[in-house]
Amino acid sequence: MKNFIKSVVAATAIAVAAPAVAQDIVVVSHGQANDAFWNVVKNGVEQAGKDTGINVDYRAPETFDMVAMSQLIDAAVNQEPDGLIVSIPDADALGPSIERAVAAGIPVISINSGSDVSKGLGALLHVGQDEYDAGKAAGEKLAGMGGKTGICVNHEVGNVALDLRCQGFSDGFGGSVTVLPTTNDPSEIQSKVAAALAADESIDTVMALGAGTAGEPAVAAAKASGRDVAVASFDLSANFLQSVADGDAAFAIDQQQYLQGYLSVNFMALHAKFGLMPGGNVPSGPNLITADKAGQVVELSAKGIR
């Protein structure tokens, strides 16, 4: 009899500890395979899945391809997950797929890009930073350092978030700014930045929009020019942070993308289990990482957390 009671108690405890049906969440981002930034987001997503016990499936197209990304969202909707988390670099291209998810009763949270359109498409909230404001703060900081003529290196032409970064930088900088379009190939970026510096000796400032992709090659190009050029970048990488610490780069703009992956999954898990959701958007950044702070986060960046 005692053994029977113990078995019933144990079975009851197990039933209480585990949900009756496991929750499934799909994350679809526009992050490209060779972009270290998105590996950090993915690390946050996977850790949140482990911490919450939620089944999380992270998906992204091989290149910056909005057709492929919309197809990934459509495929996720067909699976009827308990939640969908998406980045929105192009609302015109992705909006119909996101609205289809909302119409199907699937809760949606947006991350990283799309803060300006997220609510209109039916998402419950956005986790990220205001890209225009972050760019403007960077421009003002670089102007305060004496910058007069700058270039903004855009490695994902067509990504509205990056366009907003360049626009904010231009408005905050106040001087002459030219947008330099590139692919996300670091070799191409270094070559194009070097060519721009060689063609115009008045350029004294380079604003990169991704540390590992564009910031590092921009630093290399600036050093090779032999001129005093201030290089700043959105986002973090261990090598770019080391350049900031060494005085070869001005600063990095940290949007804490690990939080974008981690918090969005946690919020969606709480919503799936208990119907809970924050009442508004959650800003993950920006934070300016200057030389006095850079050394503190180099190790965490190398580990894929910062």
Side-chain angles (χ1 to χ4, degrees), residues 29-44 60-65 87-90 111-114 128-132 134-135 137-139 142 150-170 177 179-193 196 205-222 230-244 248-261 284-289 294 297-298 301-302 304-306:
S29 83
H30 65 275
Q32 300 175 60
N34 68 336
D35 193 335
F37 174 92
W38 284 100
N39 287 332
V40 176
V41 177
K42 186 178 180 182
N43 289 341
E62 289 296 319
T63 61
F64 185 72
D65 184 337
S87 61
I88 316 176
D90 187 334
I111 60 170
N112 182 257
S113 55
Q129 71 179 1
D130 187 294
E131 304 293 6
Y132 174 84
L142 289 164
I151 57 175
C152 186
V153 185
N154 190 338
H155 63 275
E156 280 182 0
V157 176
N159 183 338
V160 175
L162 300 196
D163 293 339
L164 288 171
R165 290 179 179 182
C166 280
Q167 185 61 57
F169 164 63
S170 180
V177 173
V179 176
L180 182 67
T182 71
T183 67
N184 73 333
D185 180 353
S187 297
E188 178 190 324
I189 291 172
Q190 183 172 341
S191 177
K192 284 196 171 184
V193 171
T205 304
V206 178
M207 182 79 251
L209 305 184
T213 302
E216 292 176 24
V219 168
V231 179
S233 180
F234 276 78
D235 308 326
L236 310 182
S237 73
N239 288 336
F240 190 82
L241 286 169
Q242 192 60 56
S243 293
V244 173
D248 294 325
F251 59 83
I253 304 167
D254 183 15
Q255 64 175 297
Q256 301 182 111
Q257 70 268 32
Y258 187 92
L259 287 180
Q260 296 173 12
S284 64
N287 296 310
L288 294 187
I289 306 298
V297 294
V298 168
S301 179
I305 298 173
R306 294 292 297 274

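If you take CG on Asp248 and CG on Asn239, they are separated by 11.5 Å, rounding to the nearest 0.5 Å. For the atom pair CG of Leu288 and CG of Asp254, the computed distance is 9.5 Å after rounding to the nearest 0.5 Å. Taking CG of Asp90 as the start and CG of Asn159 as the end, the distance is 8.5 Å to the nearest 0.5 Å. Atoms CG and OG, on Asp130 and Ser284 in that order, are 11.0 Å from each other to the nearest 0.5 Å. The OG1 atom of Thr63 sits 10.0 Å away from atom CD of Glu156, with the distance rounded to the nearest 0.5 Å.
Residues satisfying the side-chain hydrogen bond (donor to acceptor under 3.5 Å, both in side chains) criterion with Gln129, sequence neighbours excluded, are Glu131. Judged as a side-chain hydrogen bond (donor to acceptor under 3.5 Å, both in side chains), and not counting sequence neighbours, the contacts of Ser29 are Tyr58. Considering only residues two or more places apart in sequence or on other chains, Asp65 meets the salt bridge (charged side-chain N to carboxylate O under 4.0 Å, His left out) condition with none of them. With sequence neighbours left out, Ala294 forms a side chain to side chain contact (heavy atoms under 4.5 Å, CB included) with Leu241, Val244, Ala245, Ile289. Considering only residues two or more places apart in sequence or on other chains, Gln256 meets the side-chain hydrogen bond (donor to acceptor under 3.5 Å, both in side chains) condition with none of them. Checked against side chain to side chain contact (heavy atoms under 4.5 Å, CB included), Val160 has the following partners two or more places apart in sequence or in another chain: Leu164. Ser87 meets the side-chain hydrogen bond (donor to acceptor under 3.5 Å, both in side chains) test with His30; sequence neighbours excluded. With sequence neighbours excluded, the residues satisfying ring-ring contact (aromatic ring centres under 6.0 Å, His included) with Phe169 are Phe173. In terms of the salt bridge (charged side-chain N to carboxylate O under 4.0 Å, His left out) criterion, residue partners of Lys192 (sequence neighbours excluded) are, by chain and number, Glu188.
Minimum heavy-atom separation, Ser233 to Phe240: CB-CZ, 3.5 Å. Closest approach of Phe251 to Ile253, counting heavy atoms only: CE1-CG1, 3.9 Å. What you find for Asn43 and Gly304 is that their closest heavy atoms are ND2-O, 3.0 Å. Nearest heavy atom pair, residue Ala134 against residue Phe234, reads CB-CE2, 3.7 Å.
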Could you pull out every donor-acceptor pair under 3.5 Å between side chains of residues 205-221 and any protein atom, sequence neighbours left out?
unit_1: Glu216; atom_1: OE2; unit_2: Ser237; atom_2: OG; d: 2.5

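In this structure, the side chains of Phe64 and Thr183 stay at 4.5 Å or more apart for every pair of heavy atoms. The shortest side-chain heavy-atom distance between Val41 and Asn112 does not fall under the 4.5 Å cut-off.
Identified under the salt bridge (charged side-chain N to carboxylate O under 4.0 Å, His left out) test for residues 230-239, with sequence neighbours left out: Arg165-Asp235.
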